[in-house]
Amino acid sequence: MTPSPTTTGPHPANPPARSTAAATPAVAVDRVSRSFAAVTALDDVSLTVARGESVGILGPNGAGKSTLLALLAGTRRPGRGSVRVLGGDPRDPATRRRLGCTPQQTGLPATLRVGEVVDLVAGHFPDPVPRGELLERFGLAELTRRQCGGLSGGQQRRLCVALAFAGRPDVVLLDEPTSGLDVTARRALWEAVRGFTAAGGTLLLSSHHLEEVEALSERVVVLGGGRVLADGPVADVRSRVALRRVRLRLPAGVPEPVGAAGAGTCVRDGERVELLVPDADGLVRDLVCRQVPFCDLEVSPASLEDAFLAITGAERGGRR
Amino acid sequence: MTAPTAPAATTAPLASGRRGASAARLTLLHARSQVLEALRVPVAVVGTTAFPALSLLFFVVSQPQIARDPALSTAAAAQLSVFAVMSVCLFTYGASTAEERALPWDAHLRTLPVGAGPRLGAKLLTGTAFGLLGLLPVVLLAAVLTEAALPVHRWLPSVAAVVAGALPVAVLGLAIGFSLSSRAALALAQVLLLPLAFAGGLFFPPAMFPAWLDAVSRWLPTRAARDLVVGAATGAPVPASTLPVLAGWTLLLAALAVAAQRRDEGRRFR
């Protein structure tokens with residue numbers, strides 16, 4: 001699985017960054033809302049992705065990631081607002097001719113063979129990647145004759161990602177591409193996807209894992225509760241998302257150090273205090289300098305889930 | 001669906017792409033996968049072929065007064081053939097769509113550059129193909145165990161009539177499958193099939209109907225299908241209303257099916 005830009009790169013007839021083409025963004029989501037009965041999946045979301053950009057969409061379960069990707073893939077319609085992919089409506093099949101998507105892993109037709117599934121998907125595009133070449137690239141060449149139901153979880157996952165590239169798309173949407181893969185398989189898959197972005201393809205990737213988004217994207221959009229909570233370069237968002245959990249004991253009457261070193265969320269239960277902070281070292285230094293009488297100090301990395309809750313809480317403060 | 005407002009630089013490749021993947025080719029592409037999937041589960045194929053054969057044994061072969069009369073048994077076999085192909089189209093390739101579109105793979109197929117036409121067309125194609133396959137045992141049993149006779153020159157018109165007659169029911173199945181959840185779709189298909197088949201004269205010939213039922217029957221797609229197929233198989237006169245009724249129902253129900261398919265967003269969440 002070595003990257004070769006010619007294989008999975010965008011279609012040569014549709015150069016991603018020509019003067020006129022560049023004027024139309026790859027993805028333009030304008031004030032989109034979508035709800036399912038009582039649940040608001042997306043709430044006034046706007047997002048523009050330029051051609052050749054690689055954007056990670058990060059968020060906890062139920063944040064609206066999958067709904068956003070479904071709107072871009074044309075399988076769902078926005079309740080309000082407009083969704084444009086390469087200037088066209090993704091509900092129009094002609095627009096989807098330049099779009100590549102991954103099926104959910106559990107969804108491959110169990111009785112069809114790997115080669116048959118690739119042929120079915122590739123048959124929809126004017127100039128697909130030859131079957132052997134595509135499967136080779138994703139390490140599936142020996143499995144061509146196997147039925148999809150008989151593949152391992154990792155193999156199914158690789159096939160799903162490979163299908164997104166079958167039609168030499170200009171824009172690729174990957175929904176949790178490597179969930180459930182081991183580290184080696186994950187890195188190999190990232191390598192294959194990087195060939196596409198290196199050749200100028202536009203990538204939108206939803207993920208639970210900051211590491212995955214860092215590996216493939218330069219820009220991160222954090223979704224939570226159906227809204228865009230943060231949008232910026234990976235490094236910026238990382239500092240907001242990569243929080244530390246600091247636990248300590250403070251005697252009664254000593255105020256908790258909210259505000260010190262950016263400490264935001266704080267839970268106090270008697271003497272026990274728990275804080276989520278971007279800079280744990282800074283917080284400890286501050287506590288020591290101010291001679292705060294703390295004890296039982298414990299620092300651990302906060303989960304991404306905690307970080308999302310922290311951001312969500314901060315943004316929503318007044319609404320809840 | 002209107003053409004996307006693409007900038008000048010990308011219009012040319014888009015246009016050539018449109019020609020590249022024609023609707024007919026996409027229809028065959030989808031039909032091929034559906035046939036492969038069906039053949040990989042042979043029990044399903046046996047099931048569709050067994051049912052009409054059993055119906056013939058119970059309704060026709062067991063009744064000597066029909067089985068010994070060439071005209072009656074040919075007409076009876078023709079009626080049952082219509083019923084057999086219809087039920088395959090209505091259930092296997094119509095209402096079962098409701099089940100399929102809840103699956104993640106169907107969601108993926110909807111992200112591919114293909115519109116309503118080829119996907120519905122492929123289902124009609126596979127439905128009729130397997131429906132006709134299901135007729136083989138009926139035709140063989142009728143030929144061996146009854147006095148039914150189908151001269152060679154009537155084979156092609158009969159098959160064509162069966163296919164044409166099955167169309168409105170097949171698109172009805174698709175309209176139901178794309179509009180309702182899988183349980184509701186199967187229930188509705190079951191509720192519709194037997195009354196439509198009975199009132200259409202697929203179990204008992206319309207000659208046995210009271211006048212009022214015969215009058216109502218002439219407006220039904222099942223009756224039109226029955227008259228067309230019996231006419232093609234036995235040379236009995238086909239009423240003038242048959243073709244307009246068949247075409248009318250087909251167009252109406254096809255419009256419903258296409259609208260339902262376009263509206264479809266897969267699984268519905270509550």
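All chains are named by letter (A, B, ...) in the order of the sequence lines, taking the proteins before the strands, and each is independently numbered beginning at 1. All heavy atoms count here, side chains included; hydrogens, waters and symmetry mates do not.
- Between B/L36 atom CG and A/L120 atom CG the span is 10.0 Å, to the nearest 0.5 Å.
- Looking at heavy atoms from C-beta onward, A/L99 lies out of side-chain contact with B/T111 at the 4.5 angstrom threshold.
- Partners of B/W105 according to the ring-ring contact (aromatic ring centres under 6.0 Å, His included) rule, which considers only residues two or more places apart in sequence or in another chain, are B/H108.
- With rounding to the nearest 0.5 angstrom, the OG1 atom of A/T75 is 11.5 Å from the CG atom of B/L109.
- Looking at A/V121, both its backbone and its side chain come within 4.5 Å of chain B, counting heavy atoms on both sides.
- At least one side-chain heavy atom of A/H124 sits under 4.5 Å from a side-chain heavy atom of B/H30.
- Rounded to the nearest 0.5 angstrom, B/L39 CG and A/T111 OG1 are separated by 9.5 Å.
- A donor-acceptor distance shorter than 3.5 angstrom exists from the side chain of A/R96 to the backbone of B/R110, with no hydrogens or angles considered.
- Here the side chains of A/P93 and B/V114 are not in contact, with every heavy-atom distance at 4.5 Å or above.
- Only the side chain of A/L163 comes within contact range of chain B, judged by heavy atoms closer than 4.5 Å.
- In this structure, B/R40 and A/E116 have side chains that are in contact, with non-hydrogen atoms separated by less than 4.5 Å.
- Residue A/R77 qualifies as enclosed at atom CZ: its count of foreign heavy atoms under 6.0 Å is above 12.
- Counting heavy-atom neighbours within 6.0 Å of A/Q147 CD, excluding the residue itself, gives a total above 12.
- The closest side-chain heavy-atom distance from A/P109 to B/E37 is below 4.5 Å.
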